[in-house]
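Just so it is clear, the values below take in all heavy atoms, side chains as well, and ignore hydrogens, waters and symmetry mates. Here is how names work: the chains are called A, B, and so on, in the same order as the sequence lines, proteins then strands, and each is numbered from 1.
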Amino acid sequence: MASRSKKTDTSTPLPTARQLLDWYDRHARDLPWRISPKARKKGAVADPYKVWLSEIMLQQTTVKTVGPYFLKFVEMWPRVEDLAAASSPEVMSAWAGLGYYSRARNLHACAKVVADQHGGTFPQTEDGLLALPGIGPYTAAAVASIAFDQPAAVMDGNVERVVSRLFAIDTPLPVAKTHIKERLNELVPQKRPGDFAQATMDLGATLCSPKKPACALCPWTEECAANAKGIAETLPVKPPKKAKPTRYGSAYWLTDAKGHVLLRTRPPKGLLGGMDEVPGSEWSEQTTQPTTDEAPAKTDWQQLPGKVTHVFTHFALELTVYTAQAATRSKVEGDWVPLDALAQRALPTVMRKIVAHADPEAAKQFRKKA
DNA sequence: AAACCGTGGTA
DNA sequence: TTACCAAGGTT
């Protein structure tokens, strides 16, 4: 029997890692955490701590958003031991605004494990990395290949798109992931596996984009089965998304005679876990009348005009904001925080929106500095 | 295994 | 405006 079917023979040539690496040598993005292909050939090696830190930050987060956070973290904590020695509020505050706050909790936990149980050195194998908090299949493979030159199959959303198109895999995600990873494994080179991983992600982030891919510029344009069939833009096939409900609630901006404001720290797990908050009511899907029944003090609350709206991953939120001056500091839970110290707190974006609504002057400190 | 978990940019 | 999506992990 013939080794290749007639259908395959009339299809596209097999793609090679060499084609992609040649493209990467000319078009690699210049990123703060990256060793350029040129520097790498001269012997420069990546710092595993920076590779790991960047990969955690980049989970479901754009390169543009991560940039300033990465630079700030590296400046504040240049080595994994420094991060391990930081306090939890410091780390959560530095992460504030980046989202998916379990990443920050796991980041800190992982730094402590590496510092305390691994002598400050990251494990060099996928399995070793996988055992650390916050490191899943993607990140384990990424750190193993980029920092330690292991030929691991690094599969993220970009790579799923690139490979599903390259081989015209039209099985819907997530079922297709197994098949995609098999095909990816066949492509991973023994030489420069870290550059190959970064190259596939660069390709997906630039040319092989979700919409309007620039197939004419792609190093695999001749090899791409989806391009040959004219169906590149339709791949990968994704399941429909669920509808996003709206929840409603109230937030209570309570200041004292010195102009300090009452903040609380949320429970360590769940939504915005471990972050600070302006005290608030439960968030209900029922559009009940806004109330001060759940406020931190019985006092003369004033309802502010307008609403604060925010969209989370799986629901939208609409908040009514009340303000009041506390007669006394007694009998309230939480911390009284000076208004000029809010930027030092771990306030997620939705809470910064509440600050801006209740006290626009106090919110000015949140503006990004150039 | 499906749900949960943020945010900002883009079309 | 709505919808989609970005270097996913945990439970």
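Nucleotides dG8(B) and dG9(C), compared at atom P, are 22 Å apart to the nearest Å. Using atom P as the reference point in both dA11(B) and dA7(C), the two lie 15 Å apart (nearest Å). If you take atom C1' in dA1(B) and the same atom in dG8(C), they sit 16 Å apart, rounded to whole Å.
Here the side chain of Asn106(A) is nearest to one of dT10(C), dG6(B), dA6(C), namely dT10(C). Candidate nucleotides dC5(B), dG8(C), dA3(B) were compared by shortest atom distance to the side chain of Lys242(A), and dA3(B) ranks first. Out of dA7(C), dC4(C), dG8(B), the shortest distance to the side chain of Thr349(A) is found at dG8(B). Among the nucleotides dT7(B), dG8(C), dC5(C), the one closest to the side chain of Tyr138(A) is dG8(C).
Taking atom CZ of residue Arg352(A) and atom P of nucleotide dT7(B), one finds them 10 Å apart after rounding to whole Å. Following rounding to the nearest Å, Leu184(A) (CG) and dA7(C) (P) show an atom-to-atom distance of 15 Å. Rounding to whole angstrom units, CG of residue Asp276(A) and C1' of dG6(B) are separated by 16 Å. Distance Arg247(A) CZ to dG6(B) P: 12 Å, rounded to the nearest Å. Summarising the geometry, the separation between CG on Leu98(A) and C1' on dA7(C) is reported as 13 Å, rounded to the nearest angstrom. Between the CE atom of Met155(A) and the P atom of dG8(C) there is a distance of 11 Å, rounded to whole Å. Between the C1' atom of dC5(B) and the CD1 atom of Ile56(A) lies a distance of 15 Å, rounded to the nearest Å. Across the protein-nucleic acid pair, Met275(A) atom CE and dT7(B) atom P stand 8 Å apart, rounded to whole Å.
Nucleotides of DNA chain C nearest to Ile135(A) and Arg34(A) differ in position, and the one nearer the 5' end is that of Arg34(A). The residue among Pro174(A) and Gly270(A) whose nearest nucleotide of DNA chain B is located toward the 5' end is Pro174(A).
Here His310(A) reaches the OP1 or OP2 of dT7(B): one of its side-chain N or O atoms lies under 4.0 Å away. Neither OP1 nor OP2 of dA3(B) sits under 4.0 Å from any side-chain N or O of His314(A). At the phosphate of dA6(C), OP1 or OP2 sits under 4.0 Å from a side-chain N or O atom of Arg161(A).
Contact of Tyr100(A) with dG6(B) (side chain to base): a donor-acceptor pair of N or O atoms is detected under 3.5 Å. The base of dG9(C) does not come close enough to the side chain of Ser102(A) for any donor and acceptor atom to sit less than 3.5 Å apart.
In terms of modelled atom types and a separation under 3.5 Å, the side chain of Gln365(A) and the main chain of Ala362(A) share a donor-acceptor contact.
Using a 4.0 Å heavy-atom criterion, one finds that Val311(A) contacts the bases of the nucleic acid, with or without backbone contacts as well. Looking at heavy-atom distances under 4.0 Å, Thr139(A) makes contact with sugar-phosphate atoms alone, never a base. Nucleic acid contact for Leu107(A): none, since no nucleic acid atom lies under 4.0 Å from a heavy atom of the residue. No contact: Trp52(A) has no heavy atom under 4.0 Å from any strand.
Closest heavy-atom contact between Ser93(A) and Ala343(A): OG-O, 4.1 Å.
When the side-chain hydrogen bond (donor to acceptor under 3.5 Å, both in side chains) test is applied to Arg79(A), the partners found at least two apart in sequence or on another chain are Asp82(A).
Residues Glu277(A) and Thr265(A) are not in side-chain contact: their nearest non-hydrogen atoms beyond the backbone lie 4.5 Å or more apart.
A heavy atom closer than 4.0 Å to some atom of DNA chain C occurs in Met201(A), Ala205(A), Pro210(A), these being the qualifying members of residues 200-218 of chain A. Of the residues in residues 58-67 of chain A, those with a non-hydrogen atom less than 4.0 angstrom from any atom of DNA chain B are Gln60(A), Thr61(A).
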Contacts table for residues 316-325 of chain A: side-chain donor-acceptor under 3.5 angstrom, sequence neighbours left out:
from, atom 1, to, atom 2, distance (Å)
Thr320(A), OG1, Lys307(A), NZ, 3.0
Tyr322(A), OH, Pro290(A), O, 3.3
Tyr322(A), OH, Gln303(A), OE1, 3.4

Could you pull out all donor-acceptor pairs under 3.5 Å where a side-chain atom in residues 44-52 of chain A meets a protein atom, sequence neighbours excluded?
from, atom 1, to, atom 2, distance (Å)
Asp47(A), OD1, Tyr49(A), N, 3.0
Tyr49(A), OH, Trp77(A), O, 2.6

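Connectivity analysis of hydrophobic side chains (ILVMFWY, heavy atoms under 4.5 Å, direct or indirect) links Ile231(A) to Leu235(A), Val237(A).
Using a 30° and 60° split on the angle between ring planes, His310(A) and Phe312(A) fall in the perpendicular class, above 60°.
Connection of Tyr100(A) to Phe70(A) is not established within any shared hydrophobic cluster, with ILVMFWY side chains joined at heavy-atom distances below 4.5 Å, either directly or through further cluster members.
A distance of 6.0 Å or more separates the ring centres of Tyr248(A) and Trp283(A).
Within 6.0 Å of CD in Glu282(A) there are 12 or fewer heavy atoms belonging to other residues, nucleotides or ligands.
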